[in-house]
Amino acid sequence: MRDINASIPFDKRLWRQDIAGSRAHAAMLGAQGIIAAADAAAIDAGLAAIAAEYDAGGVPVDPALEDIHMTVETRLAALIGPAAGRLHTARSRNDQVATSFRLWVRDAVDAVDAGLAALTDALLARAAEHADSVMPGFTHLQVAQPVTLGHHLLAYVAMTGRDRGRFTDLRTRMDECPLGAAALAGTGFPIDRQATATALGFARPTANSLDSVSDRDFALEFLSAAAIAGLHLSRLAEEIVVWASQPFGFVALPDAFSTGSSIMPQKRNPDAAELVRGHSGRLIGCLTALMVTMKGLPLSYSKDMQDDKPPVFEGYDLLALALAAMTGMVATLTFDTDRMRAVAASGFSTATDLADWLVREAGVPFREAHHITGRAVRAAEDAGCGLADLPLATLQAIDARITAGVFDVLSVDASVASRTSFGGTAPANVRAAIAAARAAA
Ligand code: ARG
């Protein structure tokens with residue numbers, strides 16, 4: 001029973017939040033005349049001393065004390081005597097743990113946001129460096145049209161921007177304090193819930209006592225946002241793994257972010273990227289674990305809810321580490337822009353530009369232009385060259401309306417430079433998008 005009941009091995013991580021909640025509660029009890037001012041002062045001094053002890057030496061783990069709340073209260077009694085027994089007036093561990101956990105998740109949201117901001121900065125810096133660098137854009141992982149590397153990196157800035165928005169949204173929604181809901185029904189003591197909410201940095205107290213002790217939406221939202229952010233990191237990690245592979249040869253990772261093989265001395269493996277990809281799977285597992293824990297629980301508190309902490313702690317740790325590793329990789333990897341440019345020019349990637357030229361310059365309907373372009377691609381394939389290398393006479397034999405002006409659009413640089421529609425890949429757009437993202441930060 002002792003072992004299955006104990007959460008102290010993992011919830012000791014809540015010690016700062018538990019002590020902050022208790023100090024706010026004791027101050028409120030004193031101010032409301034529910035406990036004597038001298039007792040409130042003794043409790044506050046004792047809690048401050050415990051915080052200093054834990055800061056210096058960690059939290060002692062005694063499974064007989066079950067959790068961080070009992071551990072702190074027991075230590076308080078040892079330090080200040082019977083006055084410690086007054087701290088638990090007008091509260092329960094149910095609202096206490098809900099408050100501590102919310103405070104912890106709120107700090108985690110802020111830390112994740114800082115990590116996402118750092119990754120965004122790294123992506124913007126590399127995008128600025130490569131606003132003009134040409135790479136192949138893919139659909140179906142087939143070379144489709146040339147794009148700029150800056151534009152490709154900015155796609156991830158769009159993702160991290162939405163990720164930060166999700167964390168900001170959930171932080172606003174969770175900005176309510178459950179302390180004072182007591183066990184489940186509220187209390188008959190004249191407590192001031194707005195005072196404790198304000199002292200702990202919340203906008204207001206939660207509105208329903210039953211919901212206060214049984215709601216874990218804030219943790220589910222945190223893990224949902226974390227799982228999506230992790231999934232974005234995983235997609236970028238997958239691209240790094242593919243790009244670092246020899247047949248692609250688009251990027252090289254520095255020694256700091258790659259590892260060797262124990263038997264193949266030539267190997268440089270993208271382990272950090274692979275682990276970011278792997279961590280994202282575990283993160284989705286954390287979200288699933290808590291969803292399944294919560295789905296069948298009747299109101300209000302059930303002990304199953306003690307199992308909310310391990311997946312949230314693990315999910316946070318995984319995401320924080322993945323963000324740090326990804327930021328390091330983005331900042332330090334080397335792009336082989338010559339190789340990227342060469343592949344961008346392969347696969348007749350400017351075929352759409354030829355079709356668009358026929359529409360624009362010769363008034364050909366797009367469907368017909370598409371057909372003419374298909375014949376030009378076949379001619380280039382037969383000749384074993386790119387579209388831009390076909391003699392004008394060959395192109396004119398396919399369609400007499402083609403003139404020498406077409407060669408202005410067949411290069412990869414001309415192709416990307418022409419894509420100036422809002423959100424398009426042109427270098428000018430990339431520079432404007434970077435400026436806009438920096439202005440919004
Ligand atoms: N250790 C418990 C948890 O983490 C604290 C709340 C205990 N409440 C109770 N009624 N047994 O959820």
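We number each residue from 1, following the sequence as shown. Ligands are counted one by one from 1 in listed order, and the atoms in each one are counted from 1 as well. Quick note: numbers below take in every heavy atom, side chains included, and nothing from hydrogens, waters or symmetry partners.
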Among residues at least two apart in sequence or on other chains, which ones pass ring pair (Phe, Tyr, Trp, His ring centres under 6.0 Å) with [X]?
X: Y156; value: none
X: H130; value: F335
X: F167; value: F222

SB check D163 R166 (cutoff 4.0 Å): yes
E129/R126 ion pair, N-O < 4.0 Å: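 R126 and E129: salt-bridged.
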List, pair by pair, the atoms of ligand 1 and of the protein that are both N or O and lie under 3.5 Å apart, giving the separation rounded to 0.1 Å.
| residue | atom | partner | partner atom | Å |
| --- | --- | --- | --- | --- |
| ligand 1 | 1 (N) | S7 | OG | 3.2 |
| ligand 1 | 1 (N) | E66 | OE2 | 3.4 |
| ligand 1 | 1 (N) | D67 | OD2 | 2.8 |
| ligand 1 | 1 (N) | Q306 | OE1 | 2.7 |
| ligand 1 | 4 (O) | K309 | NZ | 2.8 |
| ligand 1 | 8 (N) | N94 | OD1 | 2.8 |
| ligand 1 | 10 (N) | N94 | OD1 | 3.1 |
| ligand 1 | 12 (O) | Y301 | OH | 2.5 |

If the plane angle is over 60° it's perpendicular, under 30° parallel, otherwise tilted; pick one for Y316 and W104. perpendicular
